[in-house]
Amino acid sequence: MAVAAFPSCGARRLNARPWLHAVRSSASSPSPPRSPTDVDGLGTAPTYTAAASRSFFPKRGQTLELVCESLAFKGKGVCKVVDTGFVLMCDRALPGERFLGRVSRKKGNYAEVTKLKTITPHWDLVEAPCEYASSCGGCKTQNLAYEAQLRAKEQQVRDLIVRVGRFSDGDPECASVLKPIVPCDLKFHYRNKMEFSFGARRWIQIDSLTDDQDQIQRGHALGLHAPGFFDKVLHIEKCLLQSEAANKVLAVVQDSWRDPDLNLSPYDVHTHAGFLKHLMLRTGRDVKTGLPEVMVNFVTSSYRPKLLEPLINKISAIPEVVSIMNNVNSSVGNTSVGEEEYKLHGKSTITEMLRGLTFQISANSFFQTNSHQAEVLYKLIEDCAGLRGDGSEIVLDLFCGTGTIGLTIAKRVRHVYGYEVVAEAISDARRNAELNDIRNGTFIQGDLNKINDKFGSDLPKADIVILDPNRPGLHMKLIKYLLKLQAARVVYVSCNPATCARDLDYLCHGVADQGIRGCYQLKSIQPVDMFPHTPHIECVCLLELR
């Protein structure tokens with residue numbers, strides 16, 4: 001299927017998994033060699049093993065020698081069977097790495113592989129500073145040089161925009177549309193929120209060629225879930241992604257909670273017995289001093305404050321701790337949001353500052369996880385909005401969360417209308433508007449996946465639409481609404497470049513089999529690295545009405 005140039009229109013069929021479309025397409029279009037000695041384009045001459053030289057589709061349980069070509073969806077390494085081009089996806093495989101892998105699952109036109117042993121390391125190998133990097137799924141690319149991480153993320157965005165969005169990289173305008181990725185100045189300690197889980201048994205990963213890739217140790221655990229498992233917890237003493245102040249709290253809890261005299265039991269997800277479910281740590285800043293302030297939130301299966309009292313006494317002695325909360329989740333589900341919430345010490349909220357505004361953050365607030373990089377992101381969004389500066393524009397802020405994006409530009413526009421499905425987030429948005437004396441913001445609870453033909457009819461026509469959906473992207477009902485509304489500019493903020501590319505295609509090229517015509521021109525795509533050492537990519541896209 002031919003791809004369309006950036007300014008033009010076309011049509012395409014709906015694709016539920018756009019990232020897979022991109023991977024399959026790349027399998028039929030191998031990259032050219034880098035040099036005469038770089039025959040396979042991977043930095044090394046190809047090695048043909050007996051298994052890989054035959055034309056075949058790998059079977060489950062088969063062991064192959066593979067070379068990772070690039071990173072794709074969720075940071076998984078893309079490998080191809082020699083001669084056939086059959087695609088294999090491998091977690092924790094990095095570009096240029098030659099390894100042994102076992103086929104663990106076959107899914108139609110591609111298969112998943114479990115890495116067993118590295119034969120030759122990848123091109124940009126560095127030593128991971130975190131001792132849990134090889135087992136924890138939180139930041140799996142720590143051993144890839146940061147510059148290489150940025151290149152891989154930027155290339156993923158380009159590939160998806162071309163193959164899923166059907167925008168041509170051969171068009172002269174392409175070079176100016178896709179901007180270089182914006183790096184993050186803080187490589188570690190950038191997260192203002194971390195959620196740890198209590199577990200009845202510790203889990204460790206074994207690096208071997210056996211079928212047993214993990215094992216359970218005796219003893220209770222407090223840490224992060226093993227990748228892909230809801231019932232296995234990797235014990236964590238320190239996390240390099242959260243603030244130093246939060247790590248102080250984690251250390252105190254780890255030193256104390258397993259003391260038999262405290263009678264604190266971890267929740268068992270199988271038997272549904274136990275008290276402690278989660279430990280959530282949030283870090284903000286004091287508005288007056290700029291110093292960090294930490295909220296500690298214990299998620300428990302019942303309300304028993306006397307049991308937590310010894311821990312509270314120790315944690316409250318840490319100067320940065322200004323709030324200790326208790327969310328009670330009595331259901332068998334293991335979520336961190338409780339049916340009831342109690343304040344055990346200090347304040348019920350902490351504060352953070354973004355672009356000159358103050359935001360109150362409660363235990364269950366939705367807030368940008370990287371406050372430092374959010375300043376950069378919001379400046380890019382404001383620049384894309386192209387505000388006239390005369391305070392005349394109407395802004396429609398869809399998927400507004402706690403209103404942070406809309407509120408940061410509210411004082412430069414006529415009015416901001418925000419929509420969000422989560423009631424608590426809307427309450428936070430209204431409270432934050434009042435806190436910052438912003439009176440031209442209206443925040444409405446509503447499910448944007450269930451809108452009807454009358455949606456927006458009671459509002460003045462928007463000059464600018466800001467979209468910040470979750471990973472599934474936009475529902476077709478909302479696509480149709482946007483194409484009918486025809487706002488002059490649309491700023492699409494995405495945390496999933498695959499669904500973003502799909503939605504940009506719909507808005508620019510239309511959907512032929514539904515009789516939908518696109519009406520926008522893609523002007524710019526700005527990738528932003530919000531979370532170093534993870535596969536996550538944020539993009540800020542500007543669309544203008546043709």
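Since the structure is predicted, the reported quantities are computational estimates derived from the model, not experimental observations.
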Please report the shortest heavy-atom distance between [X] and [Y], naming the atom on each side.
| X | Y | value |
| --- | --- | --- |
| L387 | I464 | CD2-CD1, 3.5 Å |
| A433 | L407 | CB-CD2, 3.8 Å |
| R489 | G386 | NH2-O, 3.2 Å |
| Q254 | I236 | NE2-O, 2.5 Å |

Is the distance from the ring center of H533 to that of F188 below 6.0 Å?
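Centroid separation for H533 and F188: below 6.0 Å.
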Sequence neighbours excluded, which residues qualify as salt bridge (charged side-chain N to carboxylate O under 4.0 Å, His left out) partners of E154?
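Listed in chain order: nothing, the list is empty.
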Going by an N to O cut-off under 4.0 Å, is there a salt bridge joining [X] and [Y]?
| X | Y | value |
| --- | --- | --- |
| R431 | E434 | no |
| R430 | D428 | no |
| D255 | K314 | no |
| E382 | R355 | yes |

Go through the steps for R285 and E293 under the test salt bridge (Lys or Arg N to Asp or Glu O under 4.0 Å), then give the verdict.
CA-CA 5 Å; R285 283 181 291 176; E293 52 181 26; over 6 Å; no
How long is the gap from [atom1] on [X] to [atom2] on [Y], to the nearest 0.5 Å?
| X | Y | atom1 | atom2 | result |
| --- | --- | --- | --- | --- |
| L234 | S197 | CG | OG | 11.0 Å |
| S331 | H272 | OG | NE2 | 10.0 Å |
| F99 | T118 | CZ | OG1 | 8.0 Å |
| H372 | R191 | NE2 | CZ | 15.5 Å |
| K115 | E97 | NZ | CD | 3.5 Å |
| R282 | N297 | CZ | CG | 9.0 Å |

Ring pair (Phe, Tyr, Trp, His ring centres under 6.0 Å): which pairs involve residues 311-354, sequence neighbours left out?
Y303-Y342
Using the ring pair (Phe, Tyr, Trp, His ring centres under 6.0 Å) rule, collect all pairs that involve residues 131-152, keeping only residues at least two apart or in two chains.
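Output for this query is empty, none listed.
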Any non-hydrogen side-chain atom of P266 less than 4.5 Å from a side-chain atom of W257?
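A side-chain contact exists here, since the closest heavy-atom pair is under 4.5 Å.
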Side chain of H235, backbone of L224: donor and acceptor closer than 3.5 Å?
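Answer holds: no.
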Does R414 use its side chain to pair, donor to acceptor, with the backbone of I394 at less than 3.5 Å?
no
Under the ring-ring contact (aromatic ring centres under 6.0 Å, His included) test, residues paired with Y492 that sit two or more places apart
none
Could you list the residues that satisfy ring-ring contact (aromatic ring centres under 6.0 Å, His included) with Y190, not counting sequence neighbours?
none
Would N327 and E340 count as a side-chain contact (heavy atoms from CB on, under 4.5 Å) here? Give the steps.
CA-CA 6 Å; N327 267 245; E340 299 173 349; over 6 Å; no
Go through the side-chain N and O atoms of S243 and N192 and say whether any donor and acceptor fall under 3.5 Å apart.
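Absent: no donor and acceptor within the cut-off.
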Those residues that, when tested against S323, pass side chain to side chain donor-acceptor pair (under 3.5 Å) (two or more places apart)
none
Salt bridge (Lys or Arg N to Asp or Glu O under 4.0 Å) between R412 and E393: does it pass, once the steps are laid out?
CA-CA 8 Å; R412 298 187 58 198; E393 288 116 326; over 6 Å; no
